[in-house]
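Below is one structure, written out as structure tokens, with a few remarks after it.
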Number of protein chains: 2
Amino acid sequence: MSIGKSLAEARELSQLMIDAADLSKDVFSNIAQELNIPVSLARAICLLETPAPMTELAARLACDKSYITPLADQMESLGLINRVPGADRRTKLLELTPKGKAVRKSLGEKVAEFSPVMVALNSAERATFMKLLAKIVKP
Amino acid sequence: MSIGKSLAEARELSQLMIDAADLSKDVFSNIAQELNIPVSLARAICLLETPAPMTELAARLACDKSYITPLADQMESLGLINRVPGADRRTKLLELTPKGKAVRKSLGEKVAEFSPVMVALNSAERATFMKLLAKIVKP
DNA sequence: TATTGTTATACTCTATAACTATA
DNA sequence: TATAGTTATAGAGTATAACAATA
């Protein structure tokens, strides 16, 4: 294969992958918007299946802990979580309220229904896609 | 298939796809950094195979034209492009200098060599991957 | 001394709106 | 009137650093 060709292939394939990821994020944003939840909060809510310390949530979101405080403030003021005592007196767990759990369930259902990978690919294709993605991400 | 299972699959697959795209972007950022080019400029340079009006570059980068001016300023001050007259007296074309072309060539070569999709997948796998991505993005 | 969460601040990226000059 | 590029400004999203309480 010529160098020029692999160059073009690398660019095209990388760009297509980025486009697909962006599309997936856009769909998630739209789902969050329909539920009247800022998308940053929706992401956090998805990661709160069980109560978690704020530092742990920061790790899951791959962001700084200082970013979590205003996020938690917003979720709290929307009645989606409560700050409950943790192992320490330092630690606060973010725990979904019943309303928060309902929102999380709705998010999950809509993601399963409208996520581009679910809409565009059948079960066998998704299995293949998963294997290829794992190869790209893992090494 | 249970609803719970497809929900988990949707999330896992979407997240993996986003992770793969982020990895690809990180690799590109590192390549740009090694060449001492801000990544925003590197992206633009890749799209300037032939001289293009600034509005056209904005369209290719999917951004507002007002974002192009400072980008062009930086590229110009680094000696990577020149603003040359276009069809109109309004239009300016961004044209890579010899240095700009050399940087673009280096970028292309490194992308072809280090892009995660190229590193992780063989030719047949890339063909499959491309088809699946096209299905996700196109419809 | 190290860690949890908070606060205040600052930075990066990008867009909006108003402007100039052409068309 | 519409278009190309520019300018000034503003906003979203996120990080850094210093701090308080606790360990």
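Numbered from 1 within each chain, the chains take letters A, B, ... in sequence-line order.
Base pairing in DNA chain C gives the following stems of 3 or more Watson-Crick or G-U pairs, range against range and under 3.5 Å: C:1-3 with D:21-23, C:5-23 with D:1-19.
As rounded to whole Å, 14 Å separates atom P of dT7(D) from atom CD of Gln74(B). Atom pair Asp73(A):CG and dG5(C):P shows a separation of 13 Å (rounding to whole Å applied). One atom, CD1 of Ile68(A), and another, C1' of dG5(C), lie 11 Å apart when rounded to the nearest Å. Rounded to whole Å, atom P of dG5(D) lies 13 Å from atom CG of Leu61(B). Per the geometry, CG belonging to Leu41(B) stands 13 Å off C1' belonging to dC13(C), to the nearest Å.
Nucleic acid contact class of Ser66(B) (heavy atoms, under 4.0 Å, all strands): base. Residue Thr55(A) is classed as a sugar-phosphate contact, given heavy-atom separations below 4.0 Å to backbone atoms only. No engagement by Pro70(B) is indicated, since no non-hydrogen atom pair under 4.0 Å with the nucleic acid exists. At the heavy-atom level, Thr69(B) lies under 4.0 Å from base atoms of the strands shown.
For Lys92(B), the listed nucleotide lying nearest its side chain is dG5(D); candidates were dT6(C), dA15(D), dG5(D).
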Are any protein N/O atoms closer than 3.5 Å to N/O atoms in nucleotides 19-23 of chain D? If there are, list each pair with its distance.
from, atom 1, to, atom 2, distance (Å)
dA23(D), OP1, Arg89(A), N, 2.8

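Between the side chains of Asp19(A) and Gln15(A), a donor-acceptor pair is found at a separation under 3.5 Å.
Arg83(B) has a side-chain polar atom (N or O) that falls below the 4.0 Å cut-off from OP1 or OP2 of dT6(D).
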